[in-house]
There are 2 protein chains.
Amino acid sequence: MPALTLTSKDSSKQVLILDEWELGVIDLFLNAANSIGLPRSYGQIYGLLFCRDQSLSMDEVIKLLGISKGSASQGLRSLRQLGAISSVFEPGDRKERFVAEIRLRKLVGGFLREQADPHLDKGVGRLQQIEALLAKVDDKDSHKRGVRRHEILSGWHRQMSRLLPWVKMIVGKSDRLPQKSSD
Amino acid sequence: MPALTLTSKDSSKQVLILDEWELGVIDLFLNAANSIGLPRSYGQIYGLLFCRDQSLSMDEVIKLLGISKGSASQGLRSLRQLGAISSVFEPGDRKERFVAEIRLRKLVGGFLREQADPHLDKGVGRLQQIEALLAKVDDKDSHKRGVRRHEILSGWHRQMSRLLPWVKMIVGKSDRLPQKSSD
DNA sequence: CATGTAGTTCAAAAAAACTTGAACACTGTC
DNA sequence: GACAGTGTTCAAGTTTTTTTGAACTACATG
């Protein structure tokens, strides 16, 4: 393997540019990421991998999207943490390569696990904190009101905790639903 | 019982200060709002109203939370739009007064209606746009790949569309939900 | 152990989101 | 019409989040 050219452009190399439809998909994911509270660049990265059959290295992601090394590194790490992408090592290659997870159930599950569950957990602490503050309330009416509110919040917390497993279960189940192929 | 001079004239006025537990609740909602992608001030406003039995006017919200007129005005409007608060007019008073909606089902339903549904709707347009871009692709392989991706995205869209009604239905009914025996 | 490749970290820059407040609009009263 | 009470708008200011890129770690190879 001759390593002469630095800016090597081996003709066996796959495309280093994006199709227009790929740009469209990447933009779709950019917006989607944004609207669920993830950085745009995460959406771009996922979108790019989603478009491709072949795994991509960090280098290729950087070149194709024109983002910085830092963004790529952090984005790829977080996306893997979310279970939205996974990495593979081609034998005899030091580079880590990435592919998108395309099972919606996995995506939703990972998102809920990493984003929703922690919030619910923190909620327990917050509720306890409020309970503690309530113990120090002198005024009878205020105390009563506070207790009622605490009860409501506890109920909500319980309901949300029960909802999440259902969501995880429902999404992806429809693979098996009989479908009339339309559209 | 009456607070010291605080530019307030009428001593029959209810508290113009917040109990500690109320601050805790308001902070909880501030964080909750933040984590579902709403401005912090919306959370504060909702949290304040959530704590109170009596309706509050915009003026009172501004004074109690120490936020600006602009924030209060926009926050109250958006929260009402979301169905998270509702307004009432006391007879013989020109001021609009607000109370929090505390039924979780309503809150979740409103949130999904105002936030999730619009995104799904926009998604239709985006998918069509991608479809249009695909029509212009020459390369056979790229086209095929693109079509496959479009199909996947369409499937996801369908599944999410089906999920939302379930969520709306399940929340608020969880007393009667069948349970997965573990936890 | 010097070199080159792969990847991470983090302070500073840039961008996005949020808040503010003064000007404006609307309405009912005198 | 002038005024006072309510509420909205939005340009400018502030805060928060995201991105960048240079310095750094790690590790294989000659």
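- Residue contacts shown for B/Ile67 are limited to sugar-phosphate atoms, with no base heavy atom under 4.0 Å away.
- The listed nucleotides are D/dT6, D/dT9, D/dT20; the one nearest the side chain of B/Arg77 is D/dT9.
- Salt bridge status for B/Arg149 with A/Asp53: present, with a side-chain N to carboxylate O gap under 4.0 Å.
- Atom pair B/Asn31:CG and D/dT16:C1' shows a separation of 14 Å (rounding to whole Å applied).
- Side-chain N/O atoms of A/Ser41 include none lying less than 4.0 angstrom from OP1 or OP2 on D/dT18.
- Note on B/Ser57: nothing from the nucleic acid sits closer than 4.0 angstrom, heavy atoms only.
- Here the side chain of A/Asp59 is nearest to one of C/dA6, D/dT19, C/dT8, namely C/dA6.
- The side chain of A/Met58 has C/dG7 as its nearest neighbour among C/dC10, C/dG7, D/dG7.
- As rounded to whole Å, 15 Å separates atom P of C/dT5 from atom CD of A/Glu60.
- No continuous path of hydrophobic side-chain contacts links B/Ile85 to B/Leu30 [ILVMFWY only; heavy atoms under 4.5 Å].
- Closest contact between the side chain of B/Pro39 and the listed nucleotides C/dT8, D/dT20, C/dT19 involves C/dT19.
- Atom P of nucleotide C/dT8 and atom NZ of A/Lys95 are separated by 14 Å, given to the nearest angstrom.
- In this structure, the nucleotide among C/dA16, D/dT6, C/dG7 sitting nearest to the side chain of A/Arg40 is C/dA16.
- Counting any heavy atom pair closer than 4.0 Å across all strands shown, B/Lys69 reaches a base atom.
- Not one side-chain nitrogen or oxygen of A/Ser73 sits closer than 4.0 Å to the OP1 or OP2 atom of C/dG7.
- Contact annotation: B/Ser68 does not reach the phosphate of C/dT19 (side-chain N/O to OP1 or OP2, under 4.0 Å).
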Test side-chain hydrogen bond (donor to acceptor under 3.5 Å, both in side chains) on A/Arg97 and A/Ser87 and set out the steps.
CA-CA 5 Å; A/Arg97 307 184 65 80; A/Ser87 62; over 6 Å; no
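- Between B/Val61 and B/Gln44, every side-chain heavy-atom pair lies at or beyond the 4.5 Å cut-off.
- Relative orientation of the A/Phe29 and A/Tyr46 rings is perpendicular, given thresholds of 30° and 60° on the angle between their planes.
- Within 4.0 Å (heavy atoms only), A/Glu96 reaches sugar-phosphate atoms of the nucleic acid but no base atom.
- Protein atom CD1 of A/Ile62 is 11 Å distant from nucleotide atom C1' of D/dG21, rounded to whole Å.
- Along DNA chain C, the nucleotide closest to A/Asp93 and the one closest to A/Asn34 are compared, and the more 5′ of them pairs with A/Asp93.
- At whole-Å resolution of the value, CG in B/Leu38 and C1' in D/dT16 are 16 Å apart.
- The separation between A/Phe98 atom CZ and C/dG7 atom P is 6 Å, rounded to whole Å.
- The side chain of A/Arg94 lies closest to C/dT5, out of D/dG7, C/dT5, D/dG21.
- Look at NZ on A/Lys63: it is 17 Å from C1' on D/dG21, rounded to the nearest Å.
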